[in-house]
Amino acid sequence: MEQPSTHLKIKRAGNVSVVEFADRKILEEISIQEIGSELRGLVETEPGPQLLLNFQNVDHLASAALGMLITLQKKVQEQNGLLKLSNINRQIFQVFKITRLNRVFDIHDTAEKAMESFARV
Amino acid sequence: MKVPPDFGVDDAALTNVTVPNDLRRVREPEAHIMSELKRCGYDDDTIFAIKLAFEEAVTNAVKHGNCNDRSKQVHLRYYVDPQRVVFMVRDEGCGFRPQDVPDPTADENLERPSGRGLMLMQSYMTKVRYGENGREVWLLKENPGRTK
């Protein structure tokens, strides 16, 4: 099932919502708010949501987007769900490392590895 | 405030641009800086770092300094050569004390949704200097490909 969105491409794989970003740059405040709102909408509609954010298309990320991801992670945890991130390029992963957010998020090299880790839960 | 003397640039060499308090209006000077960086031979990682720091600085000015007030302006000054890039972003807000911003990498702050912009600028740039009670930030990045 694919849902319309200006910023996100959302597909369902079993119990997991797999999200890809349409924008290469997640920088604009308005876009970040809209992305956050769409992702929270996905999470709020079901108990125990399982969400994979695939960053393969993303090559720039503002700190406000990191804040949006933290808020999303809290929402997912409140719903007893799981949030995983994958395909983060080397430059953006460095941003996660500098901010120590690589310790906060469950980050996988590839979407396939992330999906396998959902299956192991 | 003039360019800090230890940034190694003559103040008269800087380009001055003032734009309305709207992030979309910053795109043109930003694109100019990025094209100059490419022309001067900066590598992709350094351009990524400078773009990130520039975005954080102007976002802070528009959102936090000028409080998204469209009647205010953002003042930019910049200089690019093959050795270094210098830029300044000044807002028309009340200012702030950078030392009052909590360390976002401390364990107790790791899950706070905001406060990472300043430390990212500090991490990625060679020097960061605040002036005008926090209304103005100066950033210097030396080109690692040219630093001896």
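Every value quoted in this text rests on a predicted model; they were computed, and no experiment measured them. We name chains A, B, ... by the order of the sequence lines, and we start the count at 1 in each one. The figures here come from the full heavy-atom set of this structure, side chains too, leaving out hydrogens, waters and symmetry mates.
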* To do: Side-chain contact test, heavy atoms from C-beta onward, threshold under 4.5 Å: evaluate it for B:L52 versus A:Q91 and give yes or no.
  => no
Contacts satisfying side-chain hydrogen bond (donor to acceptor under 3.5 Å, both in side chains) that involve residues 93-102 of chain A (not counting sequence neighbours) are A:R100-B:D107
| task | Take atom CZ of A:R24 as the centre, draw a 6.0 Å sphere, and report whether it contains more than 12 heavy atoms from other residues, nucleotides or ligands. | result | yes
Could you pull out all donor-acceptor pairs under 3.5 Å where a side-chain atom in residues 28-40 of chain B meets a protein atom, sequence neighbours excluded?
residue: B:E30; atom: OE1; partner: B:R27; partner atom: NH1; Å: 2.7
residue: B:E30; atom: OE2; partner: B:K51; partner atom: NZ; Å: 2.9
residue: B:H32; atom: ND1; partner: B:Y78; partner atom: OH; Å: 2.7
residue: B:S35; atom: OG; partner: B:A31; partner atom: O; Å: 3.4
residue: B:S35; atom: OG; partner: B:H32; partner atom: O; Å: 2.9
residue: B:E36; atom: OE1; partner: B:R39; partner atom: NH2; Å: 2.8
residue: B:E36; atom: OE2; partner: B:R39; partner atom: NE; Å: 3.2

query: Side chains of B:Y124 and A:V95: closer than 4.5 Å at any heavy-atom pair?
result: yes
Most heavy-atom pairs under 4.5 Å with chain B, out of A:T71, A:L101, A:L66, A:L61, belong to A:L101
Do B:Y79 and B:V85 belong together in a cluster built from hydrophobic side chains that touch within less than 4.5 Å?
no
Against chain A, residues from residues 53-77 of chain B with at least one heavy atom under 4.5 Å, in numeric order, are B:E55, B:E56, B:K63
_Is there a path of hydrophobic side-chain contacts, each under 4.5 Å between heavy atoms of I/L/V/M/F/W/Y residues, joining B:V137 to B:L23?_
yes
Report, as yes or no, whether the 6.0 Å neighbourhood of atom CG on B:D100 holds more than 12 heavy atoms from other residues, nucleotides or ligands. yes
Hydrophobic cluster identity match, B:W138 and B:M119, side-chain contacts under 4.5 Å: no
Walk me through it: do B:F48 and A:D59 pass the test side chain to side chain contact (heavy atoms under 4.5 Å, CB included)? CA-CA 9 Å; B:F48 175 90; A:D59 53 24; over 6 Å; no
Bottom line for B:L110: the part with an atom under 4.5 Å from chain A's heavy atoms is both
If one checks every heavy atom of B:S123 against chain A at 4.5 Å, the contacting part turns out to be side chain
Please determine whether residues B:V128 and B:V89 belong to a single hydrophobic cluster, defined as Ile, Leu, Val, Met, Phe, Trp and Tyr linked transitively by side-chain heavy-atom distances below 4.5 Å. yes
Review point. Should A:I10 and A:F21 be counted in the same cluster of Ile, Leu, Val, Met, Phe, Trp and Tyr side chains packed under 4.5 Å apart?
Key: yes
Exercise. Would you mind reporting whether B:R112 and A:I70 have side-chain heavy atoms less than 4.5 Å apart?
Key: no
So, the part of A:L69 with a heavy atom under 4.5 Å from chain B: the answer is neither
Ring pair (Phe, Tyr, Trp, His ring centres under 6.0 Å) filter on B:F96, not counting sequence neighbours, yields B:Y130
